[in-house]
Amino acid sequence: MPEKNVVSWTVMLGGLVQDGRIDEARALFDKIPVKDVVARTSMIGGYCQVGRLAEARELFDEMPRRNVIAWTTMISGYVQNQRVDVARKLFEVMPEKNEVSWTAMLMGYTQCGRIEEASELFDAMPVKSVVSCNALILGFGQNGKVAKARHIFDQTREKDDGTWSSMIKVYERQGFELEALGVFTLMQSLGVKPNFPSLISVLSVCATLAILDHGRQVHAQLVKSRFDSDVYVASVLITTYMKCGDIVKAKRVFDRFPHKDIVMWNSVITGYAQHGLAEEALRVFNDMFYSGIPADDVTFIGVLSACSYTGQVKEGLEIFESMTSKYLVEPRTEHYACMVDLLGRAGRLNEAMDMIKKMPGEADAIIWGSLLGACRKHMNMDMAEVAAKKLVQLEPKNSGPHILLSNIYASKGRWADVAELRKNMRSRNMSKSPGCSWIEVEKKVHMFTGGGESMPHPEHSMIMRMWEKLSGLLKEAGYCPDSSFALHDVDEEEKAYSLGYHSEKLAVAYGLLKVPEGLPIRVMKNLRVCGDCHSAIKLISKVTGREIILRDANRFHHFKDGSWVYFRIANTFSLHFVGIGNSLDYTIEKYPSDVPEAQDKERFNWPVIVPFRLK
DNA sequence: CTAGGGTTAG
């Protein structure tokens with residue numbers, strides 16, 4: 001039997017490291033008679049992976065000889081454990097750097113949100129590899145700088161599949177679904193085969209757009225090609241089905257998957273939460289506990305928001321408390337946001353305010369926005385004023401809070417304040433994105449805007465007759481339009497039209513005309529549904545006996561039960577899955593080719609709202 | 001045989 005050489009030792013070492021059996025790896029490492037650079041580097045990498053940086057560094061310092069890879073491994077180890085500044089110190093003193101070292105350092109900055117430094121580092125790179133470009137694209141994207149990411153993408157001459165999937169992902173993550181599909185299409189028209197990450201992103205787009213049928217087809221193809229046994233794919237599939245309203249299928253994908261990871265559990269819990277199914281969410285949360293997978297911060301966002309939606313204050317408070325005591329998860333801003341929402345919705349406004357005061361760190365716009373919503377619901381003008389002022393400060397470009405604050409002042413007769421605020425708004429040239437709703441009928445997407453006079457739907461008069469009929473029925477059922485504007489975020493444009501013409505009502509009326517009896521009417525809205533429409537639609541589902549599912553910018557509203565959809569529309573996207581052999585055709589009407597930076601943060605901000613147009 | 005890109009989130 002020939003004596004083992006250092007290479008075969010190292011192969012075994014690598015196996016142990018990959019499985020995370022770090023102490024066994026070290027025992028083996030100590031047995032190697034002559035350790036070379038590779039063996040030592042492998043051991044260092046192993047320690048870094050499990051966060052044992054001190055031991056890694058000790059080995060690194062003891063090395064008789066170090067090559068670039070050893071240096072880069074150590075730097076990357078610091079980066080992966082959020083020790084960017086330590087990494088930078090090493091980076092500065094390393095004798096020789098290659099593209100990988102630069103990229104590792106670059107990612108260190110992007111991952112902790114220090115995008116400016118990442119950008120500087122990128123500019124300083126002598127050779128900009130494709131991977132470094134890809135990393136920067138993702139970095140800009142993660143930090144909300146979509147236009148900058150696109151710029152790097154355009155500048156990258158030799159794009160590889162990672163470049164494409166990075167750009168697609170950025171668009172997808174930042175709410176530019178159509179742009180994501182556009183890049184995906186462009187990629188394939190240039191003959192680039194979609195890789196795994198890009199397929200995942202596109203599937204996510206299907207989820208966000210709630211293109212149920214298309215999502216299903218992608219799923220079918222994934223099953224056929226046995227991609228569906230992948231954990232990553234499984235999570236996205238669950239999310240897709242959830243967002244498309246097919247809760248049963250989502251659960252089935254979950255149940256059939258043998259080795260569930262944390263993200264899969266979270267996907268199901270979050271999905272139930274988005275549907276307001278707190279009981280189911282809590283049951284899965286419980287199952288998760290007994291399965292031995294420890295809950296993480298994302299889990300709690302799901303569980304807490306589920307409690308909030310159903311008003312389960314007691315359960316919510318208990319779970320929030322258990323986060324630190326039982327699960328050892330430190331609550332973050334997001335969790336405080338859930339709690340403020342939970343307490344606020346239940347009318348416990350003072351406790352919500354206390355929560356804001358006692359949280360570590362500053363409350364963000366989401367928190368103040370949810371407190372403001374609660375104040376509107378429970379008619380607390382004084383606290384509403386405090387929240388609205390904070391919001392105006394935090395989001396000077398958003399007109400919503402300005403309008404609300406102005407309404408609050410008006411209701412108190414403080415006209416000087418109103419005038420001041422209006423002047424302020426005019427000088428900043430603020431505009432609000434108009435509301436619009438979609439409904440899919442016979443594979444076409446029909447879009448409605450609030451005051452669609454300029455380009456009416458071809459069946460406009462029929463829709464109007466339907467609406468009048470509905471109005472009559474509603475009146476008989478005791479419905480009275482809610483026109484208390486004082487605490488409502490009323491869009492200037494929409495205010496000009498009567499409440500009867502809110503886009504979601506038109507879409508629902510159209511659905512009643514077109515969707516066959518027995519099938520749910522699925523409507524999608526780009527903004528949040530207003531209180532009046534909410535109660536009107538609830539009543540409509542009652543008097544007509546139809547199931548209506550409204551998905552707004554925030555969540556699903558099941559009237560009876562179910563879920564759903566929209567779509568937007570003038571290019572035809574052909575999603576052809578090369579190698580999988582399937583082609584999906586989307587018809588999408590009008591979307592802008594360029595994305596201005598200012599819109600980066602708005603999730604459902606459709607740059608141009610086009611009234612329905614017949615092709 | 002060692003270093004750089006994939007899943008969930010109010």
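Chain letters run A, B, ... following the sequence lines, proteins first, then strands; residues in each count from 1. Computation of the quantities below employed the complete heavy-atom set of this structure, encompassing side-chain atoms and omitting hydrogens, waters and symmetry-equivalent molecules.
Taking side-chain N and O atoms only, Ser76(A) has a distance below 4.0 Å to OP1 or OP2 of dG4(B). At least one side-chain nitrogen or oxygen of Gln80(A) sits closer than 4.0 Å to the OP1 or OP2 atom of dG4(B). In this structure, Gln18(A) does not reach the dC1(B) phosphate: none of its side-chain N or O atoms is under 4.0 Å from OP1 or OP2. Under 4.0 angstrom from either OP1 or OP2 of dG5(B) there lies no side-chain N or O belonging to Lys169(A). Arg173(A) has a side-chain polar atom (N or O) that falls below the 4.0 Å cut-off from OP1 or OP2 of dT8(B). In this structure, Arg332(A) does not reach the dA9(B) phosphate: none of its side-chain N or O atoms is under 4.0 Å from OP1 or OP2.
The side chain of Ser267(A) lies closest to dT8(B) when the candidates are dT8(B), dA3(B), dA9(B). For Glu334(A), taking side-chain heavy atoms from C-beta onward, the closest of the listed nucleotides dT2(B), dG10(B), dG5(B) is dG10(B). If you check dT7(B), dA9(B), dG4(B) against the side chain of Met107(A), the one that comes closest is dG4(B). Checked against dC1(B), dA9(B), dT2(B), the side chain of Thr41(A) finds its nearest nucleotide in dT2(B). Each of dT7(B), dC1(B), dG10(B) was ranked by its minimum atom distance to the side chain of Val236(A); first place goes to dT7(B). Closest contact between the side chain of Asn98(A) and the listed nucleotides dG6(B), dA3(B), dG4(B) involves dA3(B). Of the listed nucleotides (dT7(B), dC1(B), dG10(B)), dT7(B) has the atom at the smallest distance from the side chain of Ser235(A). Closest to the side chain of Val263(A), from the set dG10(B), dT7(B), dG5(B), is dT7(B). The nucleotide whose nearest atom lies closest to any side-chain atom of Ser129(A) is, among dA9(B), dG10(B), dG4(B), dG4(B). Side-chain proximity of Val11(A) to dT2(B), dG6(B), dC1(B): nearest is dC1(B).
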side-chain hydrogen bond (donor to acceptor under 3.5 Å, both in side chains) evaluation trace for Arg88(A) with Tyr78(A): CA-CA 9 Å; Arg88(A) 183 63 191 249; Tyr78(A) 280 122; over 6 Å; no
Derivation and outcome, side-chain hydrogen bond (donor to acceptor under 3.5 Å, both in side chains), residues Arg150(A) and Tyr171(A): CA-CA 9 Å; Arg150(A) 180 62 195 242; Tyr171(A) 277 140; 3.1 Å; yes
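For Arg83(A), the CZ atom counts as loosely surrounded, since its 6.0 Å shell holds 12 or fewer non-hydrogen atoms of other residues, nucleotides or ligands. The 12-atom threshold is not exceeded at NZ of Lys390(A), counting heavy atoms of other residues, nucleotides or ligands nearer than 6.0 Å.
Rounded to an integer number of Å, the gap from CD1 of Ile269(A) to P of dG10(B) is 13 Å. One can place CG of Leu237(A) at 19 Å from P of dG6(B), the figure rounded to the nearest angstrom. In this structure, CG of Leu138(A) is placed 10 Å from P of dG5(B), rounded to the nearest angstrom. One interatomic measurement links the two molecules: CZ of Arg65(A) to C1' of dT2(B), which rounds to 13 Å at whole-angstrom precision. Distance CD1 (Ile301(A)) to P (dT8(B)): 13 Å, rounded to an integer number of Å. Taking atom CE on Met125(A) and atom P on dG4(B), their separation rounds to 14 Å, with Å as the unit. Straight-line distance from the CD atom of Glu172(A) to the P atom of dG6(B): 12 Å, rounded to whole Å. The distance between atom CG of Asp296(A) and atom P of dG10(B), rounded to the nearest whole Å, is 13 Å.
Contact check on Lys159(A) versus Asp154(A) returns no salt bridge, with no Lys/Arg side-chain nitrogen under 4.0 Å from an Asp/Glu carboxylate oxygen.
Only one option out of Trp265(A), Tyr272(A), Phe300(A) pairs with Phe285(A) in a ring-ring contact (aromatic ring centres under 6.0 Å, His included); it is Phe300(A).
Side chain Asp297(A) to base dA9(B): no donor-acceptor pair is found below 3.5 Å. Not a single donor-acceptor pair, N or O on each side, falls under 3.5 Å between the base of dG6(B) and the side chain of Asp161(A). Judged by distance alone, with hydrogens and angles left aside, Ser198(A) brings no side-chain donor or acceptor close enough to the base of dG6(B) to form a pair under 3.5 Å.
Base contact: Ile69(A) has a heavy atom under 4.0 Å from a base atom. Looking at heavy-atom distances under 4.0 Å, Ala337(A) makes contact with a base. Residue contacts for Asp36(A): at a heavy-atom cut-off of 4.0 Å it reaches no nucleic acid atom on any strand shown. Within 4.0 Å (heavy atoms only), Ser166(A) reaches no atom of the nucleic acid at all.
Every side chain to side chain donor-acceptor pair (under 3.5 Å) that Ser101(A) has, sequence neighbours left out, goes to Thr72(A), Asn98(A).
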